[in-house]
Undergrad: 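Dropping a structure here in structure tokens format, bear with me for questions.
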Amino acid sequence: MKVMSKTLIPIFADQLSHGLSSLAASDQENAVVLMMEVAAEAKSVPHHRTKLIFLFSAMRHFAKELREAGWTVDYVEMTDPENTGDFTGEVRRAVKRHGTEMVRVCEPSVYRVLELVKGWEAALDLPVSITFDDRFIATKEEFASWADGRKQFRMEYFYRDMRRKTNLLMDGDKPEGGKWNYDKENRKPPKSDLKFPEPLRFQPDAITQDVIEMVKTSFASRMGSADGFFWAVTRDGALEALDYFLDYGLERFGDYQDAMVGGESFLFHSLLSPYLNVGLLGPLEICRAVETRYLAGDAPLNAAEGYIRQIIGWREYVRGIYWLDMPDYIDRNHLNATRPLPDFYWTGETDLNCLSQSIGQTIEHAYAHHIQRLMITGNFALLIGADPFAVHEWYLAVYLDAFEWVELPNTLGMSQFGDGGMLGSKPYASSGAYINRMSDYCGSCKYDVKKRVGEDACPFNALYWHFLDRNADTLRGNNRLAMPYRNLEKMEDDVRHELMDQADSFLNGLSTSKSEDYL
């Protein structure tokens with residue numbers, strides 16, 4: 001039956017919030033919500049099957065909740081034979097179905113989609129209202145004002161402003177405990193006797209099972225299995241996951257947030273970022289809950305501050321960088337790196353145990369924690385000179401919580417130094433020593449982390465010096481790299497040549513591929 005309505009409200013996969021501004025500004029009786037599973041987005045990069053299941057199932061559950069709340073919802077599934085496969089095509093069809101007189105949409109989180117939406121008014125010959133996305137702490141304009149006139153952007157100073165704005169962990173006008181940042185207390189290597197909580201697992205219901213079967217059929221060649229899915233797909237489930245982290249993970253999260261342990265994918269991490277990034281949980285909601293546990297004496301300050309900093313500091317900061325510099329940001333390549341990613345980024349088949357562990361769990365769960373992403377997969381890609389855009393596409397494809405606005409600055413900027421220091425002050429390059437210090441990976445690797453040359457030498461060691469050597473003209477002036485460059489310059493010529501030859505031999509043996517090979 002055709003519903004005559006004046007307002008069409010498209011909702012995207014990362015806008016699953018009942019308080020969404022486009023809903024709040026609309027009259028239920030005179031509106032239709034449109035939700036779309038479209039091939040153009042599912043195939044923009046070769047998204048992990050777990051990610052697709054999570055997004056489609058969460059969308060379908062959200063549509064169900066909206067209907068129960070009294071909204072009229074028009075939901076277009078991926079397999080609908082009339083599905084045009086893209087947002088504009090589906091909005092155009094919905095306008096015709098429902099006699100729409102205007103479109104109201106909450107501003108998209110991704111630059112490309114926002115530009116698409118801005119073109120709808122002309123394409124549809126209808127007024128299009130783009131409402132403000134109020135689910136973040138800092139507005140784009142607020143960040144731009146903070147950044148204006150600064151020679152260097154540093155998250156720490158922005159983070160302090162966000163602490164003052166939210167009053168989180170504040171004692172009057174001073175930080176709780178007398179310090180803003182307790183990161184130095186959050187770098188403990190793993191102990192052999194640590195016991196980690198099992199992740200909270202949610203049993204797929206009928207809706208999720210239908211999605212699993214669809215993904216099995218429609219995306220059969222994608223990374224990951226469609227079986228064993230355990231993530232929450234509703235707000236109630238996300239709230240349960242939040243409580244679980246507060247009860248079983250938060251207390252020790254701070255101490256071991258940088259640790260890596262073979263065979264352990266989750267450690268004390270919260271696993272809340274997917275729920276936060278699609279809108280099932282809010283940033284302040286999570287941070288207030290963490291602060292409450294600290295104030296009750298149930299979590300130490302270094303854990304509470306470290307977790308809150310990731311959300312109101314780093315997450316807000318990278319969003320600010322993204323909107324400040326798009327669309328140019330995505331094309332930045334400060335180190336002129338052009339190498340395709342090695343095949344094993346898609347298969348996990350490598351003798352390097354740290355990479356095998358990190359990529360293996362990514363294939364299994366569509367998840368790896370921030371240090372695995374930065375100092376294992378990211379560090380290796382940086383050292384070999386991988387194309388930062390290819391690295392960006394891989395991260396966007398394989399991780400459950402990855403949306404361009406948050407993933408791109410983290411990957412191209414922080415991990416690959418593609419923005420030349422706009423986001424971070426130095427490249428996050430390291431030899432095998434850091435990996436050995438912060439993990440137990442090296443003990444069961446075929447390579448010797450203490451050797452720099454030879455058949456069994458850890459490749460990270462020679463690659464590290466090769467990275468510094470080939471980028472010397474660009475990076476030598478970076479103050480934070482002064483010591484390694486002094487060490488490189490003091491190196492005996494024969495030692496230096498041997499290291500360069502070792503790295504070149506390894507690089508020449510890499511088998512590489514492109515992301516489209518895995519669509």
Undergrad: Can you check whether Val449's main-chain N or O pairs, donor with acceptor, with Asn461's side chain at less than 3.5 Å?
TA: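 Pair found, side chain donor or acceptor close to backbone of Val449.
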Undergrad: Tell me whether Lys64 forms a cation-pi arrangement with Phe62, defined as NZ or CZ under 6.0 Å from the six-membered ring centre and within 45 degrees of its axis.
TA: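 Here Lys64 fails the 6.0 Å and 45° test against Phe62.
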Undergrad: Should Phe403 and Phe12 be marked as a ring-ring contact (aromatic ring centres under 6.0 Å, His included) after you check the CA-CA gap, both sets of side-chain angles, and the distance that decides it?
TA: CA-CA 12 Å; Phe403 290 88; Phe12 301 112; over 10 Å; no
Undergrad: Are any of the side-chain heavy atoms of Phe253 and Asn186 separated by less than 4.5 Å?
TA: no
Undergrad: Just by distance, with hydrogens left out, do His370 and Asp258 show a side-chain donor and acceptor under 3.5 Å apart?
TA: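 There is such a pair (donor and acceptor under 3.5 Å, judged by atom type) between the side chains of His370 and Asp258.
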Undergrad: Counting only N and O atoms by type, is there a donor-acceptor contact under 3.5 Å from the side chain of Tyr322 to the main-chain atoms of Tyr111?
TA: yes
Undergrad: State whether the side chain of Asn83 and the backbone N or O of Glu77 hold a donor-acceptor pair below 3.5 Å, judged by distance alone.
TA: yes
Undergrad: Keeping His334 on the side-chain end and Thr474 on the backbone end, is there a donor-acceptor pair under 3.5 Å?
TA: no
Undergrad: Flag yes if more than 12 heavy atoms outside Glu251 fall under 6.0 Å of its CD atom; otherwise flag no.
TA: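 Check fails, neighbour count at 12 or below.
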Undergrad: Can you name the closest pair of heavy atoms from Val117 and Pro108 and give their distance?
TA: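 Closest heavy-atom pair between Val117 and Pro108: CG2-CG, 3.8 Å.
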Undergrad: Do Tyr428 and Asn379 meet the criterion of a side-chain donor-acceptor pair at a distance under 3.5 Å?
TA: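 No, because no side-chain N or O of Tyr428 sits under 3.5 Å from a partner of the opposite role on Asn379.
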Undergrad: Within a strict 4.5 Å, meaning less than it, do heavy atoms of the Leu271 and Trp231 side chains meet?
TA: yes
Undergrad: Apply salt bridge (charged side-chain N to carboxylate O under 4.0 Å, His left out) to the pair Arg60 and Asp210, showing each step before the final yes or no.
TA: CA-CA 10 Å; Arg60 293 185 187 189; Asp210 285 344; 5.5 Å; no
Undergrad: Taking the side chain as everything from C-beta on, heavy atoms only, tell me whether Met375 gets closer than 4.5 Å to Ser430.
TA: yes
Undergrad: How about Thr377 and Tyr395: does a side-chain donor come under 3.5 Å of a side-chain acceptor?
TA: yes
Undergrad: Working note: Phe266 + Tyr367, criterion ring-ring contact (aromatic ring centres under 6.0 Å, His included); need CA distance, chi angles, decisive distance, verdict.
TA: CA-CA 9 Å; Phe266 307 111; Tyr367 170 83; 5.5 Å; yes
Undergrad: Do Trp394 side-chain atoms and Leu341 backbone N/O form a donor-acceptor pair below 3.5 Å?
TA: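 The answer is no, because no donor-acceptor pair under 3.5 Å joins these two groups.
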Undergrad: Spell out, as yes or no, whether a donor-acceptor pair under 3.5 Å connects the side chain of His365 to the backbone of Gln361.
TA: no
Undergrad: Has the side chain of Gln416 got a donor or acceptor atom that lies under 3.5 Å from a matching backbone atom of Thr411?
TA: no
Undergrad: If only side-chain N and O atoms count, and only distance matters, is there a donor-acceptor pair under 3.5 Å linking Tyr75 with Glu37?
TA: yes
Undergrad: Is the shortest heavy-atom distance from the side chain of Arg112 to the side chain of Glu115 under 4.5 Å?
TA: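 They are not in side-chain contact.
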Undergrad: Do Glu407 and Arg373 pass the salt bridge (charged side-chain N to carboxylate O under 4.0 Å, His left out) test, and can you show the C-alpha distance, the side-chain angles, and the key distance before you say yes or no?
TA: CA-CA 11 Å; Glu407 173 276 324; Arg373 300 188 201 192; over 6 Å; no
Undergrad: Does the ring center of Trp405 lie less than 6.0 Å from the ring center of Phe136?
TA: yes
Undergrad: Crowded around Lys426 NZ? As in, over 12 foreign heavy atoms under 6.0 Å?
TA: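 Yes, because the 6.0 Å sphere around NZ of Lys426 holds more than 12 heavy atoms from other groups.
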Undergrad: Would you say that Tyr256 contacts Val261 through its side chain, given a criterion of any heavy-atom pair below 4.5 Å between the two side chains?
TA: no
Undergrad: Can you confirm whether or not the ring centre of Tyr447 sits under 6.0 Å from the ring centre of Phe460?
TA: no
Undergrad: Just by distance, do the side chain of Gln357 and the backbone of Gly263 share a donor-acceptor pair under 3.5 Å?
TA: yes
Undergrad: Quick check on Lys188: does its NZ atom have over 12 non-hydrogen neighbours (other residues, nucleotides or ligands) under 6.0 Å away?
TA: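 Result for NZ/Lys188: open.
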Undergrad: Start with the C-alpha distance between Leu335 and Leu475, add both sets of side-chain angles, then the distance that settles side-chain contact (heavy atoms from CB on, under 4.5 Å), and finish with yes or no.
TA: CA-CA 9 Å; Leu335 300 179; Leu475 297 177; 4.1 Å; yes
Undergrad: Would a line drawn from the ring center of Tyr464 to the ring center of Tyr434 be shorter than 6.0 Å?
TA: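 Between Tyr464 and Tyr434, the centre distance exceeds or equals 6.0 Å.
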Undergrad: State whether Phe219 and Arg49 meet the cation-pi test: NZ (Lys) or CZ (Arg) under 6.0 Å from the six-membered ring centroid, and within 45° of the perpendicular axis.
TA: no
Undergrad: Should Ile384 and Pro342 count as side-chain neighbours, where that means a heavy-atom distance under 4.5 Å?
TA: yes
Undergrad: Above 12 or not: heavy atoms from other molecules or residues under 6.0 Å from OH of Tyr248?
TA: no
Undergrad: Check Asp325, Asp419, Asp387 against Arg332 for a salt bridge (Lys or Arg N to Asp or Glu O under 4.0 Å) and give me the one that passes.
TA: Asp325
Undergrad: Does the Asn277 side chain pair with the main chain of Asp401, one donor and one acceptor, at a distance under 3.5 Å?
TA: yes
Undergrad: Donor-acceptor pair, Ser356 side chain versus Asn353 backbone, under 3.5 Å?
TA: no
Undergrad: Does either side chain, that of Asp205 or that of Thr208, offer a donor lying less than 3.5 Å from an acceptor on the other one?
TA: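 Looking only at side-chain atoms, Thr208 and Asp205 do form a donor-acceptor pair, the distance falling under 3.5 Å.
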Undergrad: Using 30° and 60° as the class limits, which term best fits the ring planes of Tyr307 and Phe245: parallel, tilted or perpendicular?
TA: tilted
Undergrad: Show your working on side-chain contact (heavy atoms from CB on, under 4.5 Å) between Glu213 and Thr217 and close with a plain yes or no.
TA: CA-CA 6 Å; Glu213 293 306 312; Thr217 302; 5.6 Å; no
Undergrad: Considering non-hydrogen atoms only, spot the tightest contact between Gln502 and Ala462 and give its length.
TA: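 Closest approach of Gln502 to Ala462, heavy atoms only: CG-CB, 3.6 Å.
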Undergrad: Heavy atoms, side chains only, cut-off 4.5 Å: are His47 and Leu55 in contact?
TA: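 No; the side chains remain at least 4.5 Å from each other.
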Undergrad: Heavy-atom distance under 4.5 Å between the side chains of Asn487 and Trp465, does that happen here?
TA: yes
